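Reading through the structure tokens given below for one structure.
This one's a predicted model, so the numbers in the text were calculated from it and none came from an experiment.
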Amino acid sequence: MGDGFKTNPEMLKVEGKNFSEIGRDFYQATTKLKNGLAAQGDGGGGGGGAPKETTFSSVAQDAWKGLTTLSDKEGTPPWGDDELGEKFGVVYEGLRDGMTDSMEHLATKLNEIGKALGRMAKNHAENEDFNDALIKEHKPENQFGGEVRILKPASK
């Protein structure tokens with residue numbers, strides 16, 4: 001017969017905390033990614049402020065900016081607002097939003113797994129304590145008030 005099923009409630013508790021920490025760290029990384037993308041003007045957080053007044057000087061500045069940056073117009077996403085840029089933006093934003101939603105969901109599930117492992121550790125320890133108490137209560141020496149003697153059949 002084998003050794004049976006063995007658990008280590010303390011290890012379950014430790015690993016539960018680790019899972020919760022991983023979930024928290026993953027959520028923070030997701031938030032940092034979302035904020036970083038928005039700061040780059042990817043459409044998630046906007047690329048600029050209100051439209052500015054157009055003058056010859058601002059046109060020249062916009063032209064220079066267009067040559068030296070990804071966006072040639074303030075408030076325009078880095079991929080542009082022409083036909084190709086708009087198509088790219090639709091695909092990119094859908095993938096970006098799906099990815100960040102999935103990452104947030106994963107972070108939540110990792111945290112839930114951590115909490116469940118902690119509850120499992122607590123429940124297992126309580127169950128072991130209960131079973132130990134039952135075994136002690138039903139030992140033969142407890143049932144007969146002391147020593148237990150095994151009777152042997154008489155010899156003929």
Side-chain angles (χ1 to χ4, degrees), residues 1-51 68-156:
M1 191 153 52
D3 290 340
F5 183 72
K6 294 183 181 183
T7 61
N8 183 337
E10 284 306 309
M11 186 60 70
L12 283 172
K13 188 188 307 185
V14 168
E15 294 305 329
K17 287 180 183 177
N18 288 340
F19 260 93
S20 291
E21 287 175 15
I22 290 169
R24 184 194 68 236
D25 292 347
F26 197 74
Y27 187 83
Q28 289 173 347
T30 302
T31 300
K32 187 175 181 179
L33 173 64
K34 286 171 61 174
N35 291 340
L37 292 173
Q40 294 297 317
D42 78 339
T68 58
T69 66
L70 293 173
S71 177
D72 63 346
K73 296 183 205 168
E74 194 169 331
T76 301
W79 47 83
D81 61 355
D82 61 352
E83 184 179 346
L84 183 59
E86 286 179 11
K87 289 177 182 177
F88 174 84
V90 168
V91 172
Y92 168 79
E93 289 173 354
L95 292 172
R96 177 204 60 209
D97 294 346
M99 177 192 66
T100 54
D101 289 348
S102 295
M103 291 171 69
E104 288 173 349
H105 180 74
L106 176 58
T108 300
K109 292 303 175 186
L110 288 169
N111 186 42
E112 288 174 9
I113 289 169
K115 288 178 181 179
L117 288 172
R119 285 190 307 273
M120 186 186 300
K122 179 181 177 278
N123 292 341
H124 184 75
E126 289 173 356
N127 187 43
E128 287 297 307
D129 291 344
F130 178 78
N131 288 337
D132 287 344
L134 280 178
I135 289 170
K136 287 177 185 173
E137 183 180 314
H138 289 94
K139 283 189 175 179
E141 61 266 17
N142 291 339
Q143 291 179 353
F144 300 107
E147 188 177 316
V148 175
R149 288 190 249 180
I150 299 175
L151 303 174
K152 296 180 182 177
S155 309
K156 291 187 184 182

Next item on the list: For salt bridge (charged side-chain N to carboxylate O under 4.0 Å, His left out), just list the numbers for E10 and K13, CA-CA rounded to whole Å, side-chain angles, deciding distance to a tenth of an Å, and then say yes or no.
Entry: CA-CA 5 Å; E10 284 306 309; K13 188 188 307 185; 3.7 Å; yes

Check: Which atoms form the tightest heavy-atom contact between L117 and G16, and what is the distance?
Finding: CB-CA, 3.7 Å

Notebook entry, point to check: Is the closest basic N to carboxylate O distance between K115 and E112 below 4.0 Å?
Noted result: no

Checklist line | Within-4.5 Å side-chain heavy-atom neighbours: T7 and M120 | finding: no

Next item on the list: Supply the atom-to-atom distance N111 CG to F26 CZ, rounded to the nearest 0.5 angstrom.
Entry: 13.0 Å

Checklist line | Contact summary for P9 and H124, nearest pair of heavy atoms | finding: CG-CD2, 3.6 Å

Check: What's the shortest heavy-atom distance between G114 and S20, and which atoms?
Finding: CA-OG, 3.6 Å

Next item on the list: Apply side chain to side chain contact (heavy atoms under 4.5 Å, CB included) to E104 and K34, showing your working.
Entry: CA-CA 11 Å; E104 288 173 349; K34 286 171 61 174; 2.8 Å; yes

Next item on the list: Nearest 0.5 Å please: distance from the OG1 atom of T108 over to the CE atom of M103.
Entry: 12.0 Å

Check: How long is the gap from CD on E93 to CZ on F88, to the nearest 0.5 Å?
Finding: 9.5 Å

Check: If you measure from CZ on R119 to CG on L12, what distance do you get to the nearest 0.5 Å?
Finding: 12.5 Å

Next item on the list: Tell me, yes or no, whether the heavy-atom count around M99 atom CE, taken from other residues, nucleotides or ligands under 6.0 Å, exceeds 12.
Entry: yes

Check: If you measure from CG on L106 to OG1 on T30, what distance do you get to the nearest 0.5 Å?
Finding: 8.0 Å

Check: Taking NZ, NE, NH1 and NH2 as the nitrogens, is one of them in K122 or E126 under 4.0 Å from a carboxylate oxygen of the other?
Finding: yes

Check: How about L95 and V91: do any of their side-chain heavy atoms sit closer than 4.5 Å?
Finding: yes

Notebook entry, point to check: Is there a donor in the side chain of E128 and an acceptor in the side chain of N131, or the other way round, less than 3.5 Å apart?
Noted result: no

Note to self: To the closest 0.5 Å, what do you measure between CD1 (I22) and CG (L110)?
What the structure shows: 6.5 Å

